[in-house]
Amino acid sequence: MRLKSYLSFQPTWTKVVDALFALNVPNSERKVDPAVRVNIFLQSWQTYQNKNQIPRLKTLTDTAKKYGLRIEGIAFSRVILRNMPIWYHREADPLIRSMNSTKASVCLRTKHKIRTVGETVDLTTKIQDEAHTQSSVCECTGCNEIRAKWKCEHPHGCANQAKKLLDTLPPKWDPRSELPEDYQGEYKTSREENRNNIKPFDKRITTAGSISDIFRIFTDPDTKTTNQLPNLKEPAEILEDVVAATDGSCENNGEEN
Ligand SMILES: [Zn+2]
Ligand SMILES: [Zn+2]
Ligand SMILES: [Zn+2]
């Protein structure tokens, strides 16, 4: 199987290959629940990359290494961020690797069947209601829904663990962040530009599409990637933010005087 078709995440074959990768893991990785080993290029668990690996699979990892395959991009769309696997998320703080075996995490995987970042976010939003109390016997709408839908007896604990998992994601990988796509909008040309047939530089930097679009080959190993989100707001927008912020403090100053 070719690396390119493998990374296009097409159903059947990719799934078979992923399952085989997940089975052929070194001893150090045996404690990782096989159900959460989704893909070696998206997560931080290790598979055999030596002679212990099935030769055809070793060819895949060798090819990836040879061509410098890695995840690269200035910013990714929220759709992509939500589709990433949450367990062993490759770009998360390594702390996430030790968060798999708590009672809540086991419940998140077995009862809630949570696999992606998006599913994790959706669970946390259920306990954001004002009526929610920080207790497993909370009877708010969200907690009751969690109990009914997933037969979970500790909705607060599970939703809280979901939040902790998300908190290990750097801003660039956290769908709860304000992303460049939120303020950069669509690519527009003015009437003037249209008339003169001018195409202004497209400043939008979000990689959209599917997870297969986040990989780049021939990357430079000496250039480190960053997980910080760039601030690409137009100067006018930044000014608005500053004005909004100083407005508030001016009022307070006024009261003090
Ligand atoms: Zn449970
Ligand atoms: Zn509640
Ligand atoms: Zn639960």
Side-chain angles (χ1 to χ4, degrees), residues 9 11 14-15 18-19 21-23 25 27-47 76-179 182 210-211 214 227:
F9 296 95
T14 303
K15 281 210 181 107
D18 284 334
F21 268 136
L23 284 175
V25 296
N27 280 332
S28 58
E29 296 288 330
R30 291 274 150 84
K31 57 182 191 312
V32 183
D33 181 350
V36 305
R37 294 187 201 129
V38 182
N39 183 282
I40 53 158
F41 296 108
L42 299 175
Q43 293 172 298
S44 59
W45 53 272
Q46 302 296 315
T47 188
F76 303 104
S77 73
R78 186 168 281 109
V79 172
I80 288 177
L81 301 190
R82 286 180 56 92
N83 282 331
M84 286 286 289
I86 182 70
W87 308 105
Y88 293 89
H89 191 297
R90 197 178 183 92
E91 307 295 327
D93 186 297
L95 192 71
I96 201 171
R97 292 173 54 86
S98 64
M99 295 169 71
N100 291 302
S101 21
T102 68
K103 191 172 144 196
S105 276
V106 172
C107 194
L108 290 176
R109 284 200 302 276
T110 53
K111 288 192 177 171
H112 304 260
K113 304 263 186 273
I114 283 182
R115 295 290 180 270
T116 66
V117 169
E119 289 161 355
T120 315
V121 172
D122 292 346
L123 186 67
T124 62
T125 58
K126 300 227 181 289
I127 59 158
Q128 277 164 4
D129 196 280
E130 265 181 33
H132 177 72
T133 54
Q134 312 230 341
S135 140
S136 56
V137 292
C138 173
E139 296 268 350
C140 80
T141 317
C143 284
N144 282 338
E145 193 190 326
I146 295 173
R147 270 187 210 99
K149 198 168 170 187
W150 293 291
K151 306 270 173 293
C152 167
E153 287 127 39
H154 33 83
H156 175 75
C158 279
N160 204 38
Q161 178 71 359
K163 184 184 172 292
K164 283 188 195 159
L165 289 167
L166 293 171
D167 289 345
T168 66
L169 299 176
K172 186 170 151 184
W173 291 96
D174 188 342
R176 300 169 301 174
S177 306
E178 183 185 33
L179 304 172
D182 297 330
S210 65
I211 283 185
I214 68 178
N227 271 332

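Atoms within a ligand are numbered from 1 in the order they appear, just like the ligands themselves.
- Residues S210 and I80 share a closest heavy-atom pair of O-CD1, 3.6 Å.
- Classification of the W173-H89 ring pair by plane angle, with boundaries at 30° and 60°, yields perpendicular.
- Test T116, T120, D122 against R82 for side-chain hydrogen bond (donor to acceptor under 3.5 Å, both in side chains) and you get one pass: D122.
- Scanning all heavy atoms of the two residues, the minimum distance from C158 to C152 falls at SG-SG, 3.8 Å.
- In this structure, OG1 in T47 is found 8.5 Å from CZ in R37, a value given to the nearest 0.5 Å.
- S44 approaches R97 most closely through the heavy-atom pair O-NH1, 2.8 Å.
- The Zn ion (ligand 2) has H132 ND1, C138 SG, C140 SG, C143 SG as its protein N, O or S neighbours under 2.8 Å.
- A pairwise comparison of heavy atoms in L179 and D174 identifies CD2-O, 4.3 Å as the closest pair.
- Proximity of a side-chain donor or acceptor of W87 to a complementary backbone N or O of I114 within less than 3.5 Å is detected.
- The set of protein atoms (N, O or S) found at less than 2.8 Å from the Zn ion (ligand 1) reads C107 SG, H154 NE2, by chain and number.
- Ion pair E153/K111 flagged as a salt bridge, since at least one NZ, NE, NH1 or NH2 atom sits closer than 4.0 Å to an Asp/Glu carboxylate oxygen.
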